[in-house]
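For reference, the structure is listed below as structure tokens.
None of these values were measured; they are calculated from a predicted model. To find a chain, count down the sequence lines: A is the first, B the second, and so on, and within it residues start at 1.
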Number of protein chains: 2
Amino acid sequence: MSNSLTSEGLAALMQRGNLFSDKCPSRDVLKHVTSRWGVLVLLALMDGEQHRFSALKRKILGVSEKMLAQTLQLLESDGFVKRTVYPVVPPHVEYSLTDLGHKIAAQVVGLADWIEENFLQIMQAQEQYQAQQTSNLQHWQS
Amino acid sequence: MSNSLTSEGLAALMQRGNLFSDKCPSRDVLKHVTSRWGVLVLLALMDGEQHRFSALKRKILGVSEKMLAQTLQLLESDGFVKRTVYPVVPPHVEYSLTDLGHKIAAQVVGLADWIEENFLQIMQAQEQYQAQQTSNLQHWQS
DNA sequence: CTGAATCCTTGCTGATACTG
DNA sequence: CAGTATCAGCAAGGATTCAG
């Protein structure tokens, strides 16, 4: 059948702190949703509407067809994106978020928003770091 | 001086939805904290203790010295990690999270935890997707 | 002990061309 | 319209070596 899980195997997968041991499957999902285009796809689909492939391509500036298709496939395989095909000519495909997709999108966007909100502080830290590096540089230059 | 920001430039950087336009500096920070080792470093430092380089290397299984040093530098330059050097022989360096670091670590771990908590659903979606792909495969094989 | 520097391999990415 | 296939370029990642 499709579900071949043992309760022991499941327990091993679900325990916390698993991220430290390599090959943790959660890392793959994290990779998908935080990837360069993954974030943008989730963001683009968050309005709950149906979106066509070409519409997404227009909305997400700079993405190639290959990467968009690849990202959509990954997110679909994780159960975050729903792909609806209308068997007509010319082909018509629509993408939208699943319930699960909406939830993880909220998490990802929450993280992204936090960064944007606190970006001023981060930038100041970066400048301080830069200044520190520069002064160290000047030190051994003399 | 170190601060060369104009108010217009800052305003342009801070507006929401900026993630869509490429070269958004927030994307770099997002990349740092969600990178393969970035997540694990934040997780390892979340206890609030001081951690030595070699201790982190032992704690984060599989990380190379190069990537650990690189990750720590990035997180330090973003103001998330504090690096304390004790000028003794042999060298003694300690790493810990800043206040800002604790906050973003909470966000990142929140996302990671969400994935782990909902991993059962995700895995089921992956199995369904796999099954679907396999059946499609068998279709044209015959 | 804590890294920096080097080399080398891998994998991601994007441009192009092609299919149903 | 909605992709797939292929290939080339580049950057991330890792192993090793060297240095303060």
*Using atom NZ of Lys31(B) as one end and atom P of dC12(C) as the other, report the distance to the nearest whole Å.*
11 Å

_What is the separation between atom CD on Glu65(A) and atom P on dT19(C), rounded to the nearest whole Å?_
16 Å

*Please determine if a side-chain N or O atom of Gln73(A) lies less than 4.0 Å away from the OP1 or OP2 oxygen of dT4(D).*
yes

*Taking atom C1' of dA15(C) as reference, at what distance in whole Å does atom CE of Met67(A) sit?*
13 Å

*Which part of the nucleic acid does Tyr95(B) contact within heavy-atom distance under 4.0 Å: base, sugar-phosphate only, or nothing?*
sugar-phosphate

*Nearest whole angstrom, please: distance from the P of dC1(C) to the CG of Leu56(B).*
14 Å

_Without decimals, in angstroms, what is the distance between Leu68(B) CG and dG13(D) C1'?_
14 Å

*More than 12 heavy atoms of other groups within 6.0 Å of Asp99(B) CG*: no

*Which nucleotide sits closest to the side chain of Pro91(A): dG20(C), dG3(D), dG3(C)?*
dG20(C)

*Are Glu49(A) and His51(A) close enough that a side-chain donor and a side-chain acceptor fall under 3.5 Å?*
no

*May I ask you to evaluate whether Arg52(A) reaches the phosphate of dC1(D), defined as a side-chain N or O under 4.0 Å from OP1 or OP2?*
no

*Just how far, in rounded Å, is C1' of dG3(D) from CD of Glu76(A)?*
13 Å

*Tell me which of Val93(B) and Lys66(B) sits closer to the 5' end of DNA chain C, going by the nucleotide each one is nearest to.*
Val93(B)

*Taking the side chain of Ser64(B) as heavy atoms from C-beta outward, which of dT4(D), dT2(C), dG14(D) is closest to it?*
dG14(D)

*Is there side-chain contact between Val93(B) and Tyr86(B), with heavy atoms separated by less than 4.5 Å?*
no

*Specify the closest pair of heavy atoms between Leu75(B) and Leu42(B), including all atoms of both residues, with the distance to one decimal.*
CD1-CD2, 4.1 Å

_Short side-chain N/O contact from Arg58(B) to OP1 or OP2 of dC1(C), under 4.0 Å_ = no

_From C-beta outward on Gln70(B), which listed nucleotide comes closest to its side chain: dG3(D), dT2(C), dG13(D)?_
dG13(D)

*Out of curiosity, Glu76(B) CD to Lys82(B) NZ, how far, rounded to the nearest 0.5 Å?*
11.0 Å

_Interatomic distance where NE2 belongs to His51(A) and C1' belongs to dC1(D) [whole Å]_ = 17 Å

*asked:* If you compare every side-chain N and O of Arg36(A) against the phosphate oxygens of dG14(C) (OP1, OP2), does one of them come in below 4.0 Å?
replied: yes

*Starting at atom NE2 of His92(B), determine the distance to atom C1' of dG3(C), rounded to an integer number of angstrom.*
15 Å

*asked:* On DNA chain D, does the nearest nucleotide to Val63(B) precede the nearest nucleotide to Leu72(A) from the 5' side, or the other way round? Give the residue.
replied: Leu72(A)

_Among dT2(C), dG14(C), dA4(C), the one nearest Phe53(B) by side-chain distance_ = dT2(C)

